[in-house]
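Each remark here refers to the structure printed beneath this line.
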Amino acid sequence: MSIRTALCPTTAMAEERRPKQCTVVLPTESMKAMAESIGVGQLQEESCAALSEEVSYRIKEIAQDALKFMHHGKRRKLMTSDIDHALKIKNVEPLYGFQSQEFIPFRFASGGGRELHFYEEKEVDLSDIINTPLPRVPLDVSLKAHWLSIEGVQPAIPENPPPAPKEQQKAESTEPLKAVKPGQEEEGSIQKGQGATSAEAKGQCKKEGLIRMKPRSTHELSVEQQLYYKEITEACVGSCEAKRAEALQSIATDPGLYQMLPRFSTFISEGVRVNVVQNNLALLIYLMRMVKALMDNPTLYLEKYLHELIPAVVTCIVSKQLCLRPDVDNHWALRDFAARLMAQSCKTFSTTTNNIQSRITKTFTKSWLDEKTQWTTRYGCIAGLSELGPDVIKTLIIPRLTIEGARIKAVIEGPVVSNIDKIGADHVQSLLLKHCASVIAKTRPLPDNMEQYRVDYGYLGPMLCSHVVKARAQAALQAQQVNRTTLTITQPRSTLTVSQSGIGGSVGSRTPSIIKVPSSLTLMSTRPGTPTQPSPPATKYIVMATSAGASSTQQVP
Amino acid sequence: FHRLFILLVHAHFISKMAAVQDGQVDLEVEKKEIKTETSNDGSGNNNANSSSPGSTSLGATSKSPTGPAEDQQTLLAVLQFLKRNKLNESVDILRREAGLSVEIDDSPGSASGGAGSGGASNSTVDGGDTNSLLSRVSIAIPAAPAVTAAPVPPKGLDQPDVNVVLSAYSQQGDPDLYPLYYNGLKKFIESVLDCHRAELSQVFYPLFVHMYLELVYNNHEVEAKQFFEKFSGDQECYYAEDLRILSGMTKKEHMKGNETMLDFRTSKFVLRISRDSYQLLKRHLQERQNNQIWNIIQEHLYIDIFDGMPRSKSQIDAMSGSLAGEAKRDANKTKVFYGLLKEPEIEVPLDDEDEEAENEEGKPKKKKPKKDSMGSKSKKQDPNAPQQTRIPLPELKDSDKLDKIMNMKEAAKKIRLGSDNLPSICFYTFLNAYQGLTAVDITDDSSLIAGGFADSTVRVWSVTPKKLRRVKSAADLSNIDKESDDVLERIMDEKTASESKILYGHSGPVYGISFSPDRNYLLSSSEDGTVRLWSLQTFTCLVGYKGHNYPVWDTQFSPYGYYFVSGGHDRVARLWATDHYQPLRMFAGHLADVTCTRFHPNSNYVATGSADRTIRLWDVLNGNCVRILTGHKGPIHSLAFSPNGKFMASGATDGRVLLWDIGHGLMIGELKGHTDTIYALRFSRDGEILASGSMDNTVKLWDTLKAFDDVELDDFTAATGHIHLPENSQELLLGSYTTKSTPVIHLHFTRRNLLLAAGAYNP
């Protein structure tokens, strides 16, 4: 036998793969059920067995024919119509009424020792159908052309699969040594003339020698890519809102950006650093929107650049001053937006090894607990924490409500220190009320007693109580829609509206085209110079924690 | 007596031709051969009836009473004889006298005549066959009388027919001994020398199947089941599909009407074994008195013995896998005229026009040498090309000539492809097709795309700015000034201009679609059993060709127009002319559905791929099967001829592309890489690159120039067909391009060698 298996290596495999095919036969009970359904009461066991064998055989035959129709229909999924056609060529009337695109609508039921499948037909009220609004008309078949390959190289456009799948980007960043090896293999194959297949897009495969000399981690950008980078970054921080929308859309969807990711990352982090000092609120908002767009792009492996992005985002949350006129400008919205971004990245990227969430939580709590912390930073810390979810609110924020309430009371009801402090306290108060009310509404048992609240939560108690009552009423109203037990990331309010310049609500109207090259682009004077000298890349993730600390120290005078 | 015998043999053929005309279709060349030499003749003929379900009653009526049928056959034989001797008048008279319908033969050299002569030539080939198989002479001789008897027994009902087929299994031994026999043979084959083992292992599968069927036929269900479970695991994995069908067959009743079973019974499984190995096997079986196995080998296997070195395991694996074993070597011996037809000379005035156009583009100098090269090329007659008039081709119209000139101009701008110069690929994605796109075709000039859909519609798109317009109604047409210069423009109805048009008419999914070369017509074949011809001037259906009673899987126009071929579930490919509502030729021989059909570039041959995992090449002139190519392990879904007509590529559900040399009938390459069914294959305009598109959402490019160069064709391999395939096909892979989620179901090289691909987005 060993000789035989050596002779034919496929046999062993085949034996494993093949189940005992002869034995698959329908149970005789099904035959009985069928017979009963057409009025044959008592069917002999033998007849049942004979019938089931025959029926099983015929069903297999039909299934085999149906497969033919599936293959010729160029599909991988067998559909009911295939069975119908198979029956038709056997001169059997097809089973009408089982046309279903997705699934076979049988339901299973058992009872009284009997099991059966039935076809559920619900009674439908005609008036319901007439009164319901018409569904959308399905779109007609249309043709769309795109370049799958240009002279042997697949262009990185949304129509094509991403040139470097996320797994590859991950492998390259987590195991740099390993990543070199497949790269070398690729280059080897280039010489054999199939390099075009590899992910080395953008015409780099012709510069074989260059590639081999360079370490893989730095990407040389092609001229087109450089141009693209320039246009995108200029549009993102420029004055034209339509162009910005297009650019952000491109960042969020384009599958070929991974090579430019380090540049974008540095652009954002340097940009935040410069603009925080200059108190340029608008630019900070633009940069945060870029971060959001990057995070929305499903083809990018961002983990490698978190050490630059997270400090930038944290700065926008907790920085002491983000705008020139803190009393007028709505920098609070930016803090809210950045806090949501932070929560989103915690949710997506936090692992047991990098511990982003717990480290971020610690950072926020530490500066919040600090007595000297300013109201703006205080607001940011609370916003950042509360976006992390109800659990965090419950364990970290609600216990401190009394202390915080006292502090707010001191500012609001005490002697007027400064208008700015007053505004800050006001915002912190409404923020706390907003976030805590919804959590308390879920956790605290009824009744909502104003006095009891005052005892429990101090100064904020009575206000909180009315908010909770409101929240409960709202929850009862839209019991289905409110679903905020988890992180509120994809809330509809994710667009950022700022009173300063017309930035708001542009995300909705995205035009699905690649960014056009603007003929003349007026750059804002306050725009930070595009970082031409990228800062040396940090070697490990740990850098992030220290730089987060650095950015938080930045705002402490 | 001798004379009578010949006459009867003729009568036999003619009766079969009549059967063909009646729509009984499963006659095949091999069966004809078998009939002249073996005792299974009667059953062979019956199979033809029974294996085409629903047609038996038809056959029965056409020759219902035994006596008259015999008379008629004699009459037909006489007719045939007269026709041979060019006594056409007598033929007519006799025909009128006898009241025979004219449909039996429409014109000299058409289907019936062709089939007749084909049959005759085949019987002579058979003679050689019998000689080579000395061991079988003893059986062959008593078979001769059976030939005369064959058509006589009346075939009334379906049942007796099948019984005749199956009765071959009636001889039985002790069912308990079957595993012992099989095991004994297995032990023996395991013990022989390595060089013979691979060859002899080929016997396992057919033996296994026939032993199992014998057990089932004789009602030994339990033993059959045990036998199957015990040995099915030993079979090669590429037979898994057939084994699954076999495993479902556990009762004698199931055997009636099961097509796979009938295929096994009616067509002998062909094995190629070297003489030494065969002697070894024979000696073993005779020593052991192992009659059961010996009988099966005698009855159901066709062992093609060759002299020389036994083949290796890989050589055997490359060629096996089809439903009925390998092709006999003799099946691929006929000369095939694979050369291209001479291009017609383009007249001077048109040439001038061409030159003007060239001048406009500002490069008049280049023109001269190009023209010379073209001229010399077309003047030289390819020795392998068929005669220009071998089959009648339609006359070139003025518009065709204009198109030819356009073609030449475009071809001059063609990019030369190669391993370092890959084509660009433009992908046409069908959006919102809801899994319903079943066929695509693109015109040669790449101006129109047509799609066939599961909802029975055919849609045509224009991919150039020129919109699709309908011709005006008859009433409006009569108002047009017919003398005006722009009459062709005036007849079009501007109001109907749109980017796409929908053609309604089929009543089932449209599986095949093909544009005519002149872009005036479109063919579509459907599940409803019809092939439809649509006009692209009026966007209406012109003809519905009925003949296939079952789904028609594929259809294609001849490269010269006028003719087209179709193939479907009824296992027959048919050749049609657009102006005949009945087929001109029936290509019968495949043992399962004909899944794809392609014309040879010279229009003299038709290639068909089938679910029986073979490819056959048919001669359009006489309807003969001239090549049988085995090697695929799954149903074949795509075929492509190289532009020079010398090579062919085929793709199957097994995800492999095989390359064939048509002249020698040899497999010359195997391209592995796809992981799913290959639905599209196309050679570039110069044949340097083969593009393959698959269900696995990729387009792959292969270096065919290298593949064809690498093949070493010495006399020995050419004679025996034993070819060493290069181990690594990865070296031939030039590129692989993945779509997001779109299976590739059509590929097309434009005249400038840009590759167009098409498929439906499948979210």
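Proteins get letters first, then strands, A, B, ... in listed order; numbering begins at 1 in each. As a basis for the values below, the full set of heavy atoms in this structure was taken, side chains included, without hydrogen atoms, waters or symmetry mates.
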SB check B:Lys251 A:Glu53 (cutoff 4.0 Å): yes
Please answer whether the main-chain N or O of A:Gly152 pairs with a side-chain N or O of B:Tyr737 as donor and acceptor at a distance below 3.5 Å. yes
Of the backbone (N, CA, C, O) and the side chain (C-beta and beyond), which part of A:Asn91 lies under 4.5 Å from a heavy atom of chain B, both, or neither? neither
Does the A:Gln154 side chain pair with the main chain of B:Thr738, one donor and one acceptor, at a distance under 3.5 Å? yes
Chain B contact via A:Glu54 - side chain, backbone, both or neither, heavy atoms under 4.5 Å: both
At a heavy-atom separation under 4.5 Å, does B:Ile449 approach chain A through its side chain, its backbone, both, or neither? side chain
Salt bridge present between A:Lys88 and B:Glu527 (N-O < 4.0 angstrom): yes
Does some side-chain heavy atom of A:Ile89 sit less than 4.5 Å from a side-chain heavy atom of B:Pro551? yes
Between B:Asn421, B:Asp420, B:Leu755, B:Asp593, which residue shows the highest count of heavy-atom pairs closer than 4.5 Å to chain A? B:Asp593
A side-chain contact here means heavy atoms from C-beta on lying under 4.5 Å apart; do B:Val463 and A:Leu143 qualify? yes
Just by distance, do the side chain of A:Arg76 and the backbone of B:Met695 share a donor-acceptor pair under 3.5 Å? yes
Are side-chain heavy atoms of B:Met249 and A:Tyr57 found at a separation under 4.5 Å? yes
If every non-hydrogen atom of B:His569 is compared with every non-hydrogen atom of A:Lys68, which pair is closest and at what distance? CE1-NZ, 3.5 Å
Would you say the side chain of A:Ser149 lies within less than 4.5 Å of the side chain of B:Leu422, judging by non-hydrogen atoms? no
Please check if the side chain of B:Thr438 supplies one atom and the backbone of A:Gly73 the other of a donor-acceptor pair under 3.5 Å. no
Chain A heavy atoms under 4.5 Å from B:Tyr679: which part of the residue, side chain, backbone, both or neither? side chain
Do B:Pro743 and A:Arg75 make a side-chain contact, defined as non-hydrogen atoms from C-beta onward lying under 4.5 Å apart? no
Students often mix this up, so state it plainly: with edges at 30° and 60°, are the rings of A:His71 and B:His637 parallel, tilted or perpendicular? tilted
If one checks every heavy atom of B:Asp676 against chain A at 4.5 Å, the contacting part turns out to be side chain
Chain A contact via B:Thr653 - which portion, at a heavy-atom distance below 4.5 Å: side chain
A:His72 and B:Trp553 aromatic ring geometry - parallel, tilted or perpendicular at 30°/60° bounds: parallel
Which portion of B:Glu221 sits near chain A, non-hydrogen atoms under 4.5 angstrom: side chain
